[in-house]
Number of protein chains: 2
Amino acid sequence: MPARVVTLKPPTGEEAPLCCAPLTDSPLSAADAAELAAILAALGDPVRLRLVSLVAAAGEVCSCNLEAPLGKSQPTISHHTRVLTEAGLITGERRGRWTWWSVVPERLAVVRRLLGGE
Amino acid sequence: MPARVVTLKPPTGEEAPLCCAPLTDSPLSAADAAELAAILAALGDPVRLRLVSLVAAAGEVCSCNLEAPLGKSQPTISHHTRVLTEAGLITGERRGRWTWWSVVPERLAVVRRLLGGE
DNA sequence: CTGTCATATTGACAACAGTCTATACGTCAA
DNA sequence: TTGACGTATAGACTGTTGTCAATATGACAG
């Protein structure tokens with residue numbers, strides 16, 4: 001089992017404005033649409049959705065505990081964690097040999113709000 | 001401009017259970033993940049997102065008023081409206097020669113709830 | 001019936017995405 | 001340093017997706 005704590009760098013330097021009104025209120029700008037679409041596309045895969053769900057429900061999960069429940073190979077899991085990380089939906093924290101993943105709740109909140117959340 | 005009102009058939013017969021707890025509370029089943037992912041994938045395209053946004057903001061829009069703001073050809077618009085319809089996110093209503101599109105707010109609400117909306 | 005107009009469908013093509021095997025990289029223990 | 005182990009990357013393959021030109025469908029007007 002893991003031991004020390006070494007925070008990973010924020011994998012992408014992308015800063016997300018993505019702030020404003022729900023898309024049901026006023027037409028999205030092309031730029032906002034592109035950014036929101038990128039997040040939604042990251043969530044638009046069954047394996048990644050379940051991955052996010054597993055991580056969210058557990059609080060923290062290491063990659064080694066994702067392969068079995070998702071039924072995918074290690075490189076495939078690594079691929080999906082990367083996509084989700086680049087979308088800002090999860091973050092990885094390296095502790096020794098293990099990488100522990102957790103969700104970024106604010107990112108999901110952004111999606112909810114843009115989708116018309118009250 | 002249009003005239004008579006003839007409601008379109010519900011384009012896909014798919015009935016969506018997709019009911020339960022937010023994916024942040026407990027791991028999604030493979031089936032729920034597949035269905036939610038399909039909706040999110042439909043929203044995971046900039047053109048479709050803006051299309052939904054345009055329709056939602058205007059209440060109702062006919063296809064002929066989508067080509068210009070989205071900068072896509074007529075068949076491409078038709079393609080995207082179909083994808084969104086099959087995902088249950090918009091519905092089309094035929095009035096004479098025009099098809100008027102409107103959003104299905106409950107469908108967006110489903111997404112928000114599954115994404116952890118309170 | 002015929003022509004016109006709005007929308008849908010078809011077919012084609014390039015680009016992308018999900019998956020795997022093989023391999024490289026980093027970290028810890030001895 | 002060396003070996004073992006968890007994770008990341010590279011490369012290849014396949015299936016899907018966004019797009020458009022061409023064509024079909026369906027509705028209204030005359």
Side-chain angles (χ1 to χ4, degrees), chain A residues 1-9 11-12 30 33-34 37-52 55 60-68 70-87 90-101, chain B residues 1-9 11-12 30 33-34 37-52 55 60-68 70-87 90-101:
Chain A
M1 303 298 173
R4 314 210 27 238
V5 175
V6 181
T7 304
L8 272 184
K9 67 179 183 311
T12 57
I39 303 176
L40 292 168
L43 289 172
D45 175 89
V47 175
R48 284 197 291 268
L49 255 190
R50 296 181 68 203
L51 196 163
V52 169
V55 171
E60 247 183 358
V61 180
C62 94
S63 297
C64 53
N65 288 326
L66 289 171
E67 300 177 32
L70 293 175
K72 299 293 173 186
S73 71
Q74 179 269 317
T76 297
I77 299 298
S78 185
H79 166 70
H80 287 308
T81 52
R82 164 194 275 266
V83 171
L84 288 168
T85 299
E86 289 176 347
I90 64 174
T91 52
E93 187 173 321
R94 194 109 189 197
R95 300 181 198 156
R97 298 192 256 202
W98 288 263
T99 303
W100 291 84
W101 302 98
Chain B
M1 302 297 174
R4 313 209 30 237
V5 175
V6 180
T7 305
L8 272 186
K9 66 178 185 311
T12 59
I39 303 176
L40 291 168
L43 288 172
D45 175 88
V47 175
R48 284 197 290 270
L49 254 191
R50 295 181 68 201
L51 196 161
V52 169
V55 170
E60 247 184 356
V61 179
C62 94
S63 297
C64 53
N65 287 328
L66 289 171
E67 300 176 31
L70 294 176
K72 299 293 172 186
S73 70
Q74 179 270 317
T76 296
I77 298 297
S78 184
H79 165 71
H80 286 308
T81 53
R82 165 192 273 265
V83 172
L84 288 169
T85 299
E86 289 176 347
I90 64 174
T91 53
E93 188 175 320
R94 194 109 189 197
R95 299 182 201 157
R97 299 192 257 204
W98 290 263
T99 302
W100 292 84
W101 302 98

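Chain identifiers are assigned alphabetically (A, B, ...) following the order of the sequence lines, protein sequences preceding nucleic acid strands; residue numbering begins at 1 within each chain. Everything quoted here is computed from the prediction, not taken from an experiment.
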What is the distance from [atom1] of [X] to [atom2] of [N], rounded to the nearest Å?
X        : N       : atom1 : atom2 : result
Leu43(A) : dG18(C) : CG    : P     : 12 Å
His79(B) : dA21(D) : NE2   : C1'   : 16 Å
Ile77(A) : dG18(C) : CD1   : P     : 13 Å
Arg82(A) : dT19(C) : CZ    : P     : 16 Å
Leu66(B) : dA8(C)  : CG    : C1'   : 15 Å
Arg50(A) : dG18(C) : CZ    : P     : 16 Å
Glu93(A) : dA8(D)  : CD    : P     : 14 Å
Glu67(B) : dA21(D) : CD    : P     : 12 Å

Do Arg48(A) side-chain atoms and Leu43(A) backbone N/O form a donor-acceptor pair below 3.5 Å?
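No, because the side chain of Arg48(A) does not come within donor-acceptor range (under 3.5 Å) of the backbone of Leu43(A).
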Respond yes when some side-chain nitrogen or oxygen of [X] is under 4.0 Å from OP1 or OP2 of [N], and no when none is.
X        : N       : answer
Thr76(B) : dT19(D) : no
Ser73(B) : dT19(D) : no
Lys72(B) : dT19(D) : yes

Contacts of Gln74(B) and His80(B) projected onto DNA chain D by closest heavy atom; the upstream (5') one is His80(B)
Could you grab the distance from atom [atom1] of [X] to atom [atom2] of [Y], nearest 0.5 Å is fine?
X        : Y        : atom1 : atom2 : result
Ile39(B) : Leu49(A) : CD1   : CG    : 10.0 Å
Leu66(A) : Leu51(A) : CG    : CG    : 5.0 Å
His80(A) : Ile90(A) : NE2   : CD1   : 11.0 Å
Cys62(B) : Glu67(B) : SG    : CD    : 9.0 Å

Could you tell me whether the side chains of Ser78(B) and Thr81(B) share a donor-acceptor contact shorter than 3.5 Å?
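No, no side-chain donor-acceptor pair sits under 3.5 Å.
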Any chance the side chains of Ser63(B) and Trp101(B) put a donor and an acceptor closer than 3.5 Å?
yes
Measure all distances between protein nitrogen or oxygen atoms and nitrogen or oxygen atoms of nucleotides 4-6 of chain C, and list the pairs falling under 3.5 Å.
residue : atom : partner  : partner atom : Å
dT4(C)  : O2   : Arg97(B) : NH1          : 3.4

Which part of the nucleic acid, if any, lies within reach of Val83(B) when heavy atoms closer than 4.0 Å are counted: base, sugar-phosphate only, or nothing?
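Counting heavy atoms under 4.0 Å across all strands, no contact is made by Val83(B).
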Ignoring the backbone of Ser78(B), work out which of dT19(C), dT9(C), dT9(D) is nearest its side chain.
dT9(C)
